[in-house]
Amino acid sequence: IYKEGEIKSLEMFENLLKTSIEKGQLRSDLDVRLVSYMITHLSLAISQYHFQDMPVKEENFDKIIDTSDTMVEILQKGLGI
């Protein structure tokens with residue numbers, strides 16, 4: 001199941017990235033496969049990060065969304081000042 005989900009995630013992010021590149025929203029020189037892999041595994045890591053310390057319950061999903069939003073912000077803006 002894990003591998004199947006990973007493959008679907010990679011495909012989804014590849015499609016999103018390609019569409020964003022075509023629209024001029026992302027750099028055209030991005031390695032789409034690599035970035036898809038990075039985003040997929042960052043997302044999985046966030047889930048693992050949260051669920052190691054708290055149970056899988058609906059009430060905890062807001063914390064995961066907040067962390068995911070932070071991940072996207074870091075991807076958009078980078079780590080620099």
Side-chain angles (χ1 to χ4, degrees):
I1 293 175
Y2 174 83
K3 193 66 173 172
E4 182 180 316
E6 178 186 13
I7 292 168
K8 287 181 180 180
S9 179
L10 288 169
E11 290 172 353
M12 179 192 71
F13 284 121
E14 281 186 29
N15 290 331
L16 286 171
L17 291 167
K18 287 176 184 176
T19 299
S20 296
I21 289 169
E22 289 169 5
K23 290 180 179 180
Q25 297 169 326
L26 294 174
R27 296 184 354 229
S28 61
D29 64 337
L30 287 178
D31 181 334
V32 172
R33 183 75 177 159
L34 174 61
V35 175
S36 298
Y37 185 88
M38 290 170 55
I39 294 171
T40 293
H41 288 86
L42 282 170
S43 299
L44 293 170
I46 284 173
S47 295
Q48 291 172 345
Y49 169 79
H50 280 287
F51 293 134
Q52 71 184 350
D53 295 326
M54 65 180 148
V56 178
K57 292 185 177 179
E58 189 173 337
E59 65 221 31
N60 294 327
F61 290 166
D62 285 342
K63 293 176 186 174
I64 296 169
I65 297 300
D66 289 344
T67 305
S68 297
D69 289 345
T70 300
M71 179 190 79
V72 171
E73 182 180 346
I74 290 169
L75 288 170
Q76 288 175 329
K77 297 180 180 178
L79 297 173
I81 297 174

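It should be emphasised that the depicted structure is a prediction, and the values quoted were computed from it without experimental measurement. Just so you know, these numbers use all the heavy atoms, side chains as well, and skip hydrogens, waters and symmetry mates.
Side-chain contacts under 4.5 Å among hydrophobic residues (ILVMFWY), followed directly or transitively, place Met38 together with Leu34.
A salt bridge is defined here as a Lys NZ or Arg NE, NH1 or NH2 lying under 4.0 Å from an Asp or Glu carboxylate O, and Lys18 with Glu22 fails to meet this definition.
Heavy-atom minimum distance, Ser28 versus Ile21: CA-CG2, 3.9 Å. The two residues Ser36 and Leu17 come nearest to each other via the heavy atoms OG-CD1, 3.4 Å.
Residues passing the side chain to side chain contact (heavy atoms under 4.5 Å, CB included) test with Leu42, sequence neighbours excluded: Met71, Leu75.
In the hydrophobic cluster analysis, where Ile, Leu, Val, Met, Phe, Trp and Tyr join through side-chain heavy atoms closer than 4.5 angstrom, Ile65 is grouped apart from Ile74. A chain of hydrophobic side-chain contacts below 4.5 Å, direct or via other Ile, Leu, Val, Met, Phe, Trp or Tyr residues, connects Val35 to Met12. Put simply, Leu10 and Leu26 are part of two different groups of oily side chains (I, L, V, M, F, W, Y) that touch within less than 4.5 Å, one to the next.
A side-chain donor-acceptor contact under 3.5 Å links Ser20 to the backbone of Leu16.
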Quiz item: Hey, mind stepping through Tyr37 and Glu6 against side-chain contact (heavy atoms from CB on, under 4.5 Å) and telling me if it holds?
Solution: CA-CA 9 Å; Tyr37 185 88; Glu6 178 186 13; 4.0 Å; yes
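Distance CD/Glu14 to CD1/Ile39: 10.5 Å, rounded to 0.5 Å.
Among residue pairs with one or both ends in residues 6-30, none qualify as ring pair (Phe, Tyr, Trp, His ring centres under 6.0 Å); sequence neighbours excluded.
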